[in-house]
Amino acid sequence: MNKKKILVTGGAGFIGGNFVQYMVNKYEKYDIYNLDLLTYAGDLTKHSEIEKKENYHFIKADIADRTSIMELFRKEKFDFVVHFAAESHVDRSITNPEIFVQTNVMGTQVLLDAAKEVGVTKFVHVSTDEVYGELEFDPTTFFTEETPLQPNSPYSASKASSDLLVRAYYETYKLPINITRCSNNYGPYHFPEKLIPLTISRVVNEEKVPVYGDGANIRDWLHVLDHCSAIDLVLHEGELGEVYNVGGHNERTNLEVVKTIIKTLGKSEDLIEFVKDRLGHDKRYAIDPTKLEKLGWKPTYNFETGIAQTIQWYLDNKEWWKRIISGEYQKYFKKQYSNNR
Ligand code: NAD
Ligand code: DAU
């Protein structure tokens, strides 16, 4: 019997990478195709343990390259698409928005056209809570699937645009889709430009940790493996055309997160450096995951155990992140933070 083919875009990145490993190890009955352009955020060394497995395949391609993507879909006739590939860092979208439109909007449209032509069984579009904009510091308010889209950064605007295209392909062409909107992820292989891995790597190296503004902004942290199980469930059980929010009620201020990491690593809070705020910095994100819970999802990590394990993972895998921060990253860091102080 032919195995079903699942195309995972962005499977060399943080969440897509964790998802590829989760799926390859969990389901021998599927062939998992990891399609990735290997931008600065893509890295295949993380897959050394699965790359020899029969059900894992890698394809280097740009999702916005229409000719290659159409050709690939015609040849492979994928059954499912789980679409993670994106430019994902808000700060980079503030300095260089164009690539975010190219990859996140144009790339998604190319994939939708290809999925429509071969008639996939389902297209899962992995989106973000940032499309809803920001919440006030009022602990009783949450993003639900009904919250209007009000993106504030070029990144979230590009993700919201792609969400609308995905929705339109369902309404117009009946392409079988789901959209997931998740809160901030953390865990193994998180690229060290993002707050948690940036803080861990800098505290380990006893370097200053840049905290934007007064550090009071709130994010709702979810362990990446809980995100993977949510997408697995939506892929198999999600009702066609529906949006599902993903989050586990783990709200923390940025300052709380940074202090937790410093304390766990036994270092001094003098490492904290308050720097100029991010432009258009969203105050608070918080997810109401009731709809997904009704589908049967339950997160397994709370923030305390998840962050402790994650810090330990970064201590055990210094080679991985030290290699990343020793290259191009140095230039990025200097440029990003030089005018901030
Ligand atoms: P990431 O930046 O770590 O990885 C993105 C991956 O996409 C990289 O491997 C990169 O090489 C690849 N890629 C970029 N442009 C491409 C192109 N044109 N063609 C093919 N591949 C390309 O991102 P992440 O944090 O793992 O996020 C994955 C997805 O999840 C994104 O769509 C993001 O919007 C969404 N998301 C992220 C979070 C989070 O907290 N990180 C939360 C919610 C949703
Ligand atoms: O909410 C989901 C989103 O979470 C995803 O869609 C994005 O792809 C992902 O990057 C993440 O976006 P954030 O902007 O929330 O994550 P980031 O790690 O960049 O920042 C988290 C918070 O920490 C935010 O309030 C900004 C702050 N921050 C960040 C950096 C990089 C700092 O204070 N200092 C920093 O140096």
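All figures in this text were calculated on a predicted structure; none of them were measured in a lab. In listed order, ligands and their atoms are each counted from 1.
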With heavy atoms only and a cut-off of under 4.0 Å, state how [X] meets ligand 2: side chain, backbone, both or neither.
{"X": "D282", "answer": "neither"}
{"X": "N184", "answer": "both"}
{"X": "L195", "answer": "both"}
{"X": "E130", "answer": "side chain"}
{"X": "R219", "answer": "side chain"}

### Query
Which heavy-atom pair separates S229 from Y22 by the least distance, and what is that distance?
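Between these two residues, the closest heavy atoms are CA-OH, 3.5 Å.
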
Is the distance between the ring centroids of [X] and [Y] less than 6.0 Å?
{"X": "Y285", "Y": "H249", "value": "no"}
{"X": "Y170", "Y": "F123", "value": "no"}
{"X": "H227", "Y": "Y186", "value": "no"}

### Message
Under the ring-ring contact (aromatic ring centres under 6.0 Å, His included) test against Y189, which residue among F14, F19, W320 passes?
### Response
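With Y189 as partner, ring-ring contact (aromatic ring centres under 6.0 Å, His included) holds for just one option, W320.
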
Test your reading of the structure: does [X] have an N or O sitting under 3.5 Å from an N or O of ligand 2?
{"X": "T128", "result": "yes"}
{"X": "W221", "result": "no"}
{"X": "P210", "result": "yes"}
{"X": "N217", "result": "no"}
{"X": "D129", "result": "yes"}

### Task
Kindly assign one of parallel, tilted or perpendicular to the pair F100 and Y155, based on the angle between their ring planes and the thresholds 30° and 60°.
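It falls in the perpendicular class, over 60°.
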
### Query
Measuring from each atom of ligand 1, which residues have a heavy atom under 4.0 Å away?
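Residues G10, A12, G13, F14, I15, D36, L37, L38, T39, A41, G42, A61, D62, I63, F84, A85, A86, S88, T103, V126, S127, T128, Y155, K159, C182, S183, N184, N185 each place a heavy atom under 4.0 Å from ligand 1, listed by chain and number.
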
When you look at [atom1] of [X], are more than 12 heavy atoms from neighbouring residues, nucleotides or ligands closer to it than 6.0 Å?
{"X": "E171", "atom1": "CD", "value": "yes"}
{"X": "E293", "atom1": "CD", "value": "yes"}
{"X": "R66", "atom1": "CZ", "value": "yes"}

Salt bridge check, [Y] against [X]: does any charged N sit closer than 4.0 Å to a carboxylate O?
{"X": "K263", "Y": "E269", "value": "no"}
{"X": "R202", "Y": "E207", "value": "yes"}
{"X": "R323", "Y": "D43", "value": "yes"}
{"X": "R219", "Y": "D282", "value": "no"}

[X] neighbourhood, listing ligand 2 atoms whose heavy-atom distance to it stays under 4.0 Å:
{"X": "H89", "value": "19 (O)"}
{"X": "Y285", "value": "1 (O), 15 (O)"}
{"X": "V211", "value": "33 (O)"}
{"X": "L198", "value": "36 (O)"}
{"X": "K194", "value": "10 (O), 18 (O)"}
{"X": "V90", "value": "14 (O)"}

In terms of residue, atom name and distance, what is the protein heavy atom nearest to [atom]?
{"atom": "atom 36 (O) of ligand 2", "answer": "Y337 OH, 2.6 Å"}
{"atom": "atom 5 (C) of ligand 2", "answer": "Y155 OH, 3.6 Å"}
{"atom": "atom 33 (O) of ligand 2", "answer": "Y212 N, 2.8 Å"}
{"atom": "atom 27 (C) of ligand 2", "answer": "N254 ND2, 3.4 Å"}
{"atom": "atom 19 (O) of ligand 2", "answer": "R278 NH2, 2.9 Å"}

### H281 near ligand 2 by a heavy-atom separation under 4.0 Å
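A heavy atom of H281 does come that close to ligand 2.
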
### Query
Going by heavy atoms, is E193 under 4.0 Å from ligand 2?
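For ligand 2, residue contact (heavy atoms, under 4.0 Å) with E193 is present.
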
### Task
Find out whether the Lys NZ or Arg CZ of K116 is both under 6.0 angstrom from the six-membered ring centre of Y173 and within 45° of the ring's axis.
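Yes.
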
### Task
Supply the atom-to-atom distance E134 CD to H281 NE2, rounded to the nearest 0.5 angstrom.
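Reported to 0.5 Å precision, the distance equals 9.5 Å.
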
### Query
V203 pairs by side-chain contact (heavy atoms from CB on, under 4.5 Å) with which of V209, I272, V258?
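When side-chain contact (heavy atoms from CB on, under 4.5 Å) is applied between V203 and each of V209, I272, V258, only V209 qualifies.
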
### Query
Out of G247, S88, G13, S93, whose heavy atom sits nearest atom 7 (C) of ligand 2?
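Selected option, by shortest heavy-atom distance: S88.
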
### Task
Please determine, by modelled atom types, if T180 and H125 share a side-chain donor-acceptor pair under 3.5 angstrom.
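Note: T180 and H125 side chains miss the donor-acceptor criterion.
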
### Donor-acceptor under 3.5 Å (D129 side chain, R181 main chain)
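No.
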
